[in-house]
S.K.: 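This is the structure, below, for whatever I ask next.
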Amino acid sequence: MSRKVLTFLILCFTSAAFAEDFKTVNGKEYKDATVTRVDPDGVVVKTKSGITKVYFIELPKEVQERFHYDSEKAASYSAEQTANYAAYQKQQEETRRQQQDADAKNNAALAAQQAATNRTQALQTRYAVLQKQEDDLLLQIGEAKKPGPEYRQGKSVRHQPNPQKSQLPLFESHLKDVRREKSEVKKQLEKSQR
């Protein structure tokens with residue numbers, strides 16, 4: 001009994017796998033085509049050149065009848081496939097839009113991060129310049145506070161006036177400005193590194 005069932009199943013499957021020729025009403029031929037799927041609106045055939053869907057409206061009446069073609073079912077199926085494809089396209093477009101939005105946000109975040117890094121580097125450079133200016137001004141102030149060159153007048157030692165002493169108020173004012181700017185730059189640096 002099981003041998004008969006097995007033989008019947010093999011015959012059913014092999015008959016479906018036999019290749020045949022299809023010719024459309026327009027004269028296009030599909031040689032040695034194997035039907036891989038039957039849809040309400042047509043058949044999908046596999047040939048040496050690839051896989052193609054041939055719609056029943058392109059096939060002769062006898063082929064349509066052999067595959068039980070129903071124009072109403074075909075129209076309904078086609079409308080459903082079109083709606084599914086439109087929904088798929090809409091979903092793909094939404095996915096693309098979301099990806100573009102995510103990319104734009106990532107690019108904006110990277111640009112902001114780069115701008116912050118550039119600003120921090122600029123502040124560090126400015127702080128180093130101000131530190132050097134402060135050191136130089138402190139040296140100039142120290143030199144301006146020293147007495148001028150020595151000279152002897154009899155037994156006593158006297159000093160000539162220091163020519164830089166007149167610049168002392170200018171040096172101290174400039175030092176005050178440098179320290180104020182340096183303090184501001186330091187605050188901005190601390191804020192940017194949080």
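Residues take their numbers from the sequence shown, with the count starting at 1. Quick caveat, the model's predicted, so the values are computed rather than measured.
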S.K.: Side chains of residues 121-128: which donor-acceptor pairs under 3.5 Å do they make with residues two or more places apart or in other chains?
M.R.:
from   : atom 1 : to     : atom 2 : distance (Å)
Thr125 : OG1    : Gln121 : O      : 2.9
Arg126 : NE     : Glu181 : OE2    : 2.8
Arg126 : NH2    : Glu181 : OE1    : 3.0
Arg126 : NH2    : Glu181 : OE2    : 2.9

S.K.: Which heavy atom in Thr120 sits nearest to a heavy atom in Ser192, and how many Å separate them?
M.R.: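 Looking at all heavy atoms of both residues, the closest pair is OG1-OG, 3.3 Å.
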S.K.: Please tell me if the side chains of Phe22 and Val54 come closer than 4.5 Å, counting only heavy atoms from C-beta onward.
M.R.: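 No, their side chains stay 4.5 Å or more apart.
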S.K.: Check whether any side-chain heavy atom of Thr24 sits under 4.5 Å from a side-chain heavy atom of Tyr30, and report yes or no.
M.R.: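 Answer yes - side chains close enough.
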S.K.: Hey, what do you get for CD (Gln100) to CG (Asn107), rounding to the nearest 0.5 Å?
M.R.: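 If we round to the nearest 0.5 Å, Gln100:CD and Asn107:CG are 11.5 Å apart.
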S.K.: Taking side-chain contact (heavy atoms from CB on, under 4.5 Å) as the definition, give me every residue that meets it alongside Gln160, ordered by chain and number, with sequence neighbours left out.
M.R.: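 By the side-chain contact (heavy atoms from CB on, under 4.5 Å) rule, Gln160 matches Pro149, Tyr151.
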S.K.: Would you sort out whether Asn26 and Glu58 count as a side chain to side chain contact (heavy atoms under 4.5 Å, CB included), showing the intermediate values?
M.R.: CA-CA 7 Å; Asn26 294 338; Glu58 300 174 322; 5.6 Å; no
S.K.: What's the verdict on salt bridge (Lys or Arg N to Asp or Glu O under 4.0 Å) for Lys187 and Glu190, showing C-alpha distance, side-chain angles and the deciding distance?
M.R.: CA-CA 5 Å; Lys187 287 177 190 174; Glu190 289 170 352; over 6 Å; no
S.K.: Do you see a donor-acceptor pair shorter than 3.5 Å between the side chains of Glu94 and Gln98?
M.R.: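 Side-chain D/A pair, Glu94 to Gln98: present.
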S.K.: Is the CZ atom of Arg119 crowded by more than 12 outside heavy atoms at less than 6.0 Å?
M.R.: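 No, the 6.0 Å shell around CZ holds no more than 12 heavy atoms from other groups.
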S.K.: Can a salt bridge be assigned to the pair Asp135 and Lys132 using a cut-off of 4.0 Å between side-chain N and carboxylate O?
M.R.: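 Here Asp135 does not pair with Lys132 in a salt bridge, since their nearest N and O are not under 4.0 Å apart.
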S.K.: Could you check whether Asn118 and Gln114, counting side-chain N and O atoms only, form a donor-acceptor pair closer than 3.5 Å?
M.R.: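 Gln114 vs Asn118: donor-acceptor pair found between side chains.
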S.K.: Taking CD1 in Ile57 as the centre, count heavy atoms belonging to other residues, nucleotides or ligands within less than 6.0 Å. Is the count above 12?
M.R.: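 Incorrect, the count does not exceed 12.
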S.K.: So Lys90 and Glu93, do their side chains get closer than 4.5 Å, heavy atoms only?
M.R.: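 No, too far: nothing below the 4.5 Å cut-off.
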S.K.: Give the cluster check for Val63 versus Val38: same hydrophobic cluster or not, with ILVMFWY residues linked at side-chain heavy-atom distances below 4.5 Å.
M.R.: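 Cluster IDs for Val63 and Val38 match.
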S.K.: Look up atom CZ in Arg180 and atom CD in Glu184, then write down how far apart they are to the nearest 0.5 Å.
M.R.: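 Taking CZ in Arg180 and CD in Glu184, the distance rounds to 9.0 Å.
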S.K.: Report yes if some heavy atom in the side chain of Lys53 is under 4.5 Å from a heavy atom in the side chain of Asp39; otherwise report no.
M.R.: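 A side-chain contact under 4.5 Å exists here.
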S.K.: How many angstroms lie between CG in Asn84 and CD in Gln91, if you round to the nearest 0.5 Å?
M.R.: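 Here the interatomic distance stands at 11.5 Å.
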S.K.: Stepwise, does the side chain to side chain contact (heavy atoms under 4.5 Å, CB included) test hold for Arg66 with Glu62?
M.R.: CA-CA 6 Å; Arg66 189 172 108 208; Glu62 62 272 3; over 6 Å; no
S.K.: Taking Lys146 first and then Glu143, would you say they form a salt bridge - that is, a charged N and a carboxylate O separated by under 4.0 Å?
M.R.: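 Looking at Lys146 and Glu143, the cut-off is met.
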S.K.: Going by side-chain contact (heavy atoms from CB on, under 4.5 Å), name the residues that satisfy it together with Glu29, two or more places apart in sequence or in a different chain.
M.R.: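 Per chain and number, Glu29 pairs via side-chain contact (heavy atoms from CB on, under 4.5 Å) with Lys23, Lys31.
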S.K.: In this structure, would Tyr69 and Val25 fall into the same cluster of hydrophobic residues linked by side-chain contacts under 4.5 Å?
M.R.: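 No: no chain of side-chain contacts under 4.5 Å links Tyr69 to Val25.
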S.K.: Distance from Lys176 atom NZ to Glu172 atom CD, nearest 0.5 Å?
M.R.: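 Reported to 0.5 Å precision, the distance equals 10.5 Å.
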S.K.: Given side chains that start at C-beta, do those of Phe67 and Leu59 come closer than 4.5 Å, heavy atoms only?
M.R.: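 No, too far: nothing below the 4.5 Å cut-off.
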S.K.: Go through Leu168 and Ile141 one step at a time and tell me if the side chain to side chain contact (heavy atoms under 4.5 Å, CB included) criterion holds.
M.R.: CA-CA 6 Å; Leu168 195 55; Ile141 289 170; 3.7 Å; yes
S.K.: Side-chain atoms of residues 70-78: list all donor-acceptor pairs with protein atoms under 3.5 Å, sequence neighbours left out, distances to 0.1 Å.
M.R.:
from  : atom 1 : to    : atom 2 : distance (Å)
Asp70 : OD1    : Glu72 : N      : 3.0
Ser78 : OG     : Asp41 : OD2    : 3.3
Ser78 : OG     : Ala74 : O      : 3.0

S.K.: Check the pair Gln99, Asp103 against side chain to side chain donor-acceptor pair (under 3.5 Å), reporting the backbone distance first and the verdict last.
M.R.: CA-CA 6 Å; Gln99 185 61 49; Asp103 290 346; 2.9 Å; yes
S.K.: Find the distance between CG (Asp177) and NE2 (His174) and round it off to the nearest 0.5 Å.
M.R.: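 Going from the CG atom of Asp177 to the NE2 atom of His174 covers 7.5 Å.
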S.K.: When rounded to the nearest 0.5 angstrom, what distance separates CZ in Arg96 from CD in Gln92?
M.R.: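 Those atoms lie 6.0 Å apart.
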S.K.: With side chain to side chain contact (heavy atoms under 4.5 Å, CB included) as the criterion, how do Asp21 and Asp32 come out once you've worked through the C-alpha distance, each side chain's angles and the decisive distance to 0.1 Å?
M.R.: CA-CA 5 Å; Asp21 295 341; Asp32 295 323; 4.1 Å; yes
S.K.: Holding to salt bridge (charged side-chain N to carboxylate O under 4.0 Å, His left out), I want the full list of residues that pass it with Asp101, two or more places apart in sequence or in another chain.
M.R.: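 Testing Asp101 for salt bridge (charged side-chain N to carboxylate O under 4.0 Å, His left out), a comparison that skips the adjacent residues, returns Arg97.
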S.K.: More than 12 heavy atoms of other residues, nucleotides or ligands under 6.0 Å from CD of Gln89: is that the case?
M.R.: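 Yes, enclosed.
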S.K.: With sequence neighbours left out, write down each residue that passes side-chain contact (heavy atoms from CB on, under 4.5 Å) with Glu134, or none if nothing qualifies.
M.R.: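 With sequence neighbours excluded, Glu134 shows a side-chain contact (heavy atoms from CB on, under 4.5 Å) to Gln131, Leu138, Leu175, Val178, Arg179, Lys182, given in chain and number order.
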S.K.: Taking atom CZ of Arg152 as the centre, does the number of heavy atoms from other residues, nucleotides or ligands within less than 6.0 Å exceed 12?
M.R.: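 It does not: Arg152 CZ has 12 such atoms or fewer within range.
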